[in-house]
Amino acid sequence: QVQLVESGGGLVQAGGPLRLSCAASGRTFSSYAVGWFRQAPGKEREFVAAITWSGGSTLYADSVKGRFTISRDNAKNTVYLQMNSLKPEETDVYYCGADATNWVRKSEREYDYWGQGTQVTVSS
């Protein structure tokens, strides 16, 4: 069993940075891949980035490549999403998910556990 808690969301101006954290509990967290997704009201959850348990493999949505960086610290049971050059259209609730297969995947259906989400608002 893995429990995830996102934090770090808030209000930021367009072009600014924000770092999200996904803290996990559970002894086997370090064996899971973790992905970040985002969702606007009335829309499907959208893939943002994912990372394997070792951090050796990452995957990004084309829309965030070069601006977002996913990383993890297994000693702290935490995965981070550094977001730079944020755009107003990226205002969403951001979620992290854990995938027991340890593959970096874009489909939310592949993830076994989810956090409650953290709101990111980018003002223009």
Side-chain angles (χ1 to χ4, degrees):
Q1 186 77 9
V2 175
Q3 294 181 326
L4 305 173
V5 178
E6 301 93 338
S7 63
L11 176 64
V12 62
Q13 288 188 334
L18 204 60
R19 189 177 80 158
L20 305 182
S21 298
C22 173
S25 61
R27 292 181 299 173
T28 60
F29 175 69
S30 61
S31 65
Y32 285 68
V34 172
W36 282 98
F37 289 73
R38 58 192 180 191
Q39 187 172 26
K43 294 188 177 181
E44 293 186 354
R45 198 165 289 189
E46 177 191 18
F47 172 77
V48 176
I51 188 168
T52 52
W53 74 267
S54 69
S57 182
T58 58
L59 183 66
Y60 293 93
D62 288 343
S63 60
V64 307
K65 283 181 181 177
R67 298 186 298 120
F68 290 13
T69 303
I70 189 170
S71 61
R72 68 190 297 163
D73 184 342
N74 286 337
K76 296 181 178 179
N77 278 358
T78 302
V79 172
Y80 304 98
L81 184 67
Q82 177 67 45
M83 305 186 293
N84 297 326
S85 303
L86 281 161
K87 304 174 182 179
E89 56 265 37
E90 294 179 312
T91 294
D92 281 319
V93 177
Y94 283 69
Y95 298 88
C96 63
D99 179 357
T101 67
N102 194 35
W103 292 354
V104 284
R105 298 193 283 189
K106 294 184 176 182
S107 172
E108 62 172 309
R109 294 186 298 274
E110 306 294 349
Y111 289 77
D112 304 290
Y113 302 101
W114 291 95
Q116 294 300 308
T118 185
Q119 175 71 48
V120 172
T121 302
V122 185
S123 64
S124 57

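Numbering starts at 1 and runs along the sequence shown.
With sequence neighbours left out, Tyr95 forms a ring pair (Phe, Tyr, Trp, His ring centres under 6.0 Å) with no residue at all. Applying the ring pair (Phe, Tyr, Trp, His ring centres under 6.0 Å) criterion to Trp114, with sequence neighbours excluded, gives Phe37, Tyr111. Contacts of Ser123 classified as side-chain contact (heavy atoms from CB on, under 4.5 Å), with partners at least two apart in sequence or in another chain: Leu11, Gln13. A search for side-chain contact (heavy atoms from CB on, under 4.5 Å) contacts involving Ser7 returns Ser21, not counting sequence neighbours.
At most 12 heavy atoms of other shown residues, nucleotides or ligands fall within 6.0 angstrom of atom CD in Gln116. Within 6.0 Å of atom CD in Glu89, more than 12 heavy atoms from other residues, nucleotides or ligands are found, so the atom counts as buried in its surroundings.
The shortest non-hydrogen separation linking Thr91 to Val122 is OG1-N, 2.8 Å. The two atoms that bring Ser71 and Ile51 nearest to each other are CA-CD1, 3.7 Å, heavy atoms only. Heavy-atom minimum distance, Tyr60 versus Ala49: CD2-CB, 3.6 Å. Across every non-hydrogen atom of Cys96 and Val34, the tightest pair is CB-CG1, 4.4 Å. In terms of heavy-atom proximity, Ala98 sits nearest to Leu4 at N-CD1, 3.7 Å.
Remark: side-chain polar atoms of Asn102 are paired, donor with acceptor, to backbone N or O of Trp53 under 3.5 angstrom.
Residues Val64 and Leu18 fall within the same hydrophobic cluster, defined by Ile, Leu, Val, Met, Phe, Trp and Tyr side chains chained together at heavy-atom separations under 4.5 Å.
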Which atom pairs, one a donor and one an acceptor, fall under 3.5 Å between side chains of residues 81-88 and the rest of the protein, sequence neighbours left out?
{"residue": "Gln82", "atom": "NE2", "partner": "Asn84", "partner atom": "OD1", "Å": "3.0"}

Would you be so kind as to tabulate the donor-acceptor pairs closer than 3.5 Å made by side chains of residues 40-47, with sequence neighbours excluded?
{"residue": "Arg45", "atom": "NE", "partner": "Gln39", "partner atom": "OE1", "Å": "3.3"}
{"residue": "Arg45", "atom": "NH2", "partner": "Gln39", "partner atom": "OE1", "Å": "3.4"}
{"residue": "Glu46", "atom": "OE1", "partner": "Arg38", "partner atom": "NE", "Å": "3.0"}

Using the rule given for side-chain contact (heavy atoms from CB on, under 4.5 Å), can you reason through Asp112 versus Asp99, listing the C-alpha separation, both sets of side-chain angles and the distance that settles it, and then say yes or no? CA-CA 5 Å; Asp112 304 290; Asp99 179 357; 3.9 Å; yes

side-chain contact (heavy atoms from CB on, under 4.5 Å), that's the test. Do Tyr80 and Asp73 meet it? Break it down for me. CA-CA 8 Å; Tyr80 304 98; Asp73 184 342; 4.2 Å; yes

Would you please test Glu6 and Leu20 for side-chain contact (heavy atoms from CB on, under 4.5 Å) and show each step? CA-CA 7 Å; Glu6 301 93 338; Leu20 305 182; over 6 Å; no

If you apply the rule side-chain contact (heavy atoms from CB on, under 4.5 Å), what do you find for Ile70 with Val79, and how did you get there? CA-CA 7 Å; Ile70 189 170; Val79 172; 3.9 Å; yes

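Going from atom CZ of Arg72 over to atom OG1 of Thr52 covers 7.0 Å, rounded to the nearest 0.5 Å. Note: Tyr94 OH to Cys22 SG = 15.0 Å, rounded to the nearest 0.5 Å.
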